[in-house]
Amino acid sequence: MPRPTQATTSPTSGPTRTHCPYCSLQCGMTLVPGRGGRTLEVEAWEEFPVNEGGLCRKGWTATGLRGHRQRLTTPLVRDRESGELRAAAWDEALDLVADRLRALRAESGADSVAVFGGGGLTNEKAYQLGRFARVALATSQIDYNGRWCMSSAASAANQAFGLDRGLPFPLADVEQTDVLVLVGSNLVETMPPAGRHLDRLRERGGRVVVIDPRRTPTSDRADVVVQPVPGTDLALALGVLHLLDAAGAVDEEYVAARTTGLDAARREAAAWWPEQVERVTGVEAGQVRDLAVLLAGAERVTVLTARGAEQHAQGTATVLAWVNVALALGMPGRAHAGYGCLTGQGNGQGGREHGQKADQLPGYRMIDDPAARDHVARVWGVEAGDLPGPGRSAYELLDALGQPGGPRALLVHGSNIVVSAPRATHVTERLAALDLLVVCDLVMSETAALADVVLPVTQWAEESGTMTNLEGRVILREQAVAPPAGVRSDLDVVAGLAERLGAPGTWSTDPEEVFAELGRASAGGRADYSGITYDRIRAEHGVFWPCPQTEEGQEDHPGTPRLFADGFPTTDGRARCVPVTFTGAAEQPDEDYPVHLTTGRVLAQYQSGAQTRRVAALPDDGPFVELHPMLATRIGAYDGEPVVVTTRRGEMKAPARIVDTIRPDTVFVPFHWVGANRLTNDALDPSSRMPEFKVCAAAVRT
Ligand code: SF4
């Protein structure tokens, strides 16, 4: 039986260089013990290039969860008679889980057990969770909440470039571009240290374009602000491509040498003249023309998309439409230009590269590729034929829970589904229909409160592990302190269950050992980490993948900060311009639900808020409903007074925030609290299986 690891490496008594526990920027910071070692202070790490010492308020207060009175420090098991959770020993809890998993598998087959991971888990945990699902549980039913983060951009990048890495260049490259187009990104509010790149770009004379239905702090630092109807970014991109083509601004030499398919994409764009774009998007035809002129006249253009463009039932098509604009201008692969995606979650990128996603194996290998299965099976010491095939995507998996033929048990790591899933009331009902719900978490999240077994796990700073930031830079979060007594790492949980289930192979609880195994499993794959070591990450401020071993045992590959300069990793080395058609949001406003609802983030909170809502130094003002004065007048709403937002899936009540920065036909609700996702639509993108979080039809009343 593996020995539980209380401290994954020796905590130091001095400063520790590490990274923020939250978003995909993974800002560097220094943790310094204070007051006789009882406290831990955050200080700047000036040399780390991504943030140069800057942090947002979430980063500065990141130690606020240490020693929190709501921190879980003992396993909890639901008592069958009272229905209450009671404290249990680790062995009792793990034995119980293993026994019930064995019984369910014997009754209903391997796919009756499912695993749900998170985009905040380290690469080591994501890898080990994927291996645990496929080898110890033999289930195909594993996916993660990163599916709801950037999967549409991933799907589009794979189709267009043959590779999905959020940014194919370091983020600082955008300072040298001439026009930066941000589509559906509120970068200044969601990752403030990155805002300095916009300022430096503009100081050099470059221009920033922000496309967002709301005017945000990012718009305030832009030269051009475009506010389309939610869900119409795709139509706007088609209109821009139409105008570029009509003006002869397509880089025909680049297109001929480095792409295929632009003619078909041009034909799709042909029907999108500016007045037609205005009719659909609400953006004036003149502004569409001005945008096209700005792009046509720039030597270097960078287009970055984020959740506003991607979290749609047409999310993949929307990203492809903007990629087509970038390709028509001849940008991808050119220095200080191209296309990229701004990932949201801390390890949204690495989380899917190493096996948490239903259709992928480590190294960004596809699970239905025989050669990929052979390679990974060899590393895992099992037969390739014993590995399951692809499973259900995140929402489809949750929707199937407790249904005939669906999973009867769910293990949740690093996710607060009750708050973050679309159509959350329905998903909560599905969780309640399970025979067994096991949740690993730091605190009693809304999802943990429903569990049959809650396992208290280590958090950031109490453990080591790697993350892959939005640039594809693999960084190392170092352990700074010992975890509280009674708490174990997710790696320990997985090892303890694998051992009890009689899984083959060894299940290390040492993150560095797991990382070395991950490297071997990824070798030769698209996301090859085999040349990366903890020591190299420490010495080099992170290492960009792909970074293969040049020879057995050699770790001298420099890593790959910039991709596509010499070609695209497709069969013929060319990028694909994929023609796309605009069909609009899955749900359009009508008489009963006359406005658009969109959702998003606020500066002081992160994701479902399970961590940040408990940090005393961060303001928690609760949810609100942002609406335009014209709409407020129409329904008789007053600032600060409650309004009710209703959709076909549910309703929520929250104070009104009346602002003239939002479109009069749109309301906005932040998603960090229970409520917003009771409203959102579970319509899925056909390729990425991304739910349509960003737009649905709603009614608002006092
Ligand atoms: Fe942390 Fe992101 Fe804020 Fe940086 S921008 S301090 S990574 S939350």
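Order of listing sets the numbers, starting from 1, for every ligand and every atom in it.
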- Is it possible for you to check whether R657 lies under 6.0 Å from the centre of the six-membered ring of F624, through NZ or CZ, and within 45° of that ring's axis? yes
- Starting from atom 2 (Fe) of ligand 1, find the nearest protein heavy-atom neighbour and note its residue, name and distance. C23 SG, 2.3 Å
- Task: Report yes or no: is the cationic atom of R165 (NZ for Lys, CZ for Arg) under 6.0 Å from the centre of the six-membered ring of Y339, at an angle within 45° of the ring normal?
- Result: no
- Query: Which bit of Q26 is near ligand 1, meaning a heavy atom under 4.0 Å away: side chain, backbone, both or neither?
  - Reply: backbone
- Task: Indicate whether the side chain of H19 and that of Q26 have a donor and an acceptor atom separated by less than 3.5 Å.
- Result: no
- Query: Hey, which atoms in ligand 1 end up nearer than 4.0 Å to a heavy atom of M191?
  - Reply: 5 (S)
- Message: My understanding is that we take every heavy atom of each candidate and find the minimum distance to atom 4 (Fe) of ligand 1. Doing that for C20, C27, S24, which one comes out nearest?
- Response: C27
- Donor-acceptor pair between N123 and T468 side chains, under 3.5 angstrom: yes
- Message: Taking 4.0 angstrom as the limit and counting only heavy atoms of Y22, give me the atoms of ligand 1 inside it, by number and element.
- Response: 8 (S)
- Query: Hey, which of R204, R202, R207 is the one that makes salt bridge (charged side-chain N to carboxylate O under 4.0 Å, His left out) with D178?
  - Reply: R204
- Item | C56 near atom 4 (Fe) of ligand 1 via N/O/S, less than 2.8 Å | no
- Query: Would N186 and D212 satisfy side chain to side chain donor-acceptor pair (under 3.5 Å), going step by step from the backbone distance to the final call?
  - Reply: CA-CA 8 Å; N186 183 8; D212 192 323; 5.8 Å; no
- Query: For atom 5 (S) of ligand 1, which candidate among P193, G346, G59 provides the closest heavy atom?
  - Reply: P193
- Message: Parallel, tilted or perpendicular: which one describes the rings of F116 and W148, with boundaries at 30° and 60°?
- Response: tilted
- Query: Quick one: which ligand 1 atoms are inside 4.0 Å of a heavy atom on K58?
  - Reply: 8 (S)
- Which is it for P21 and ligand 1 at heavy atoms under 4.0 Å: side chain, backbone, both or neither? neither
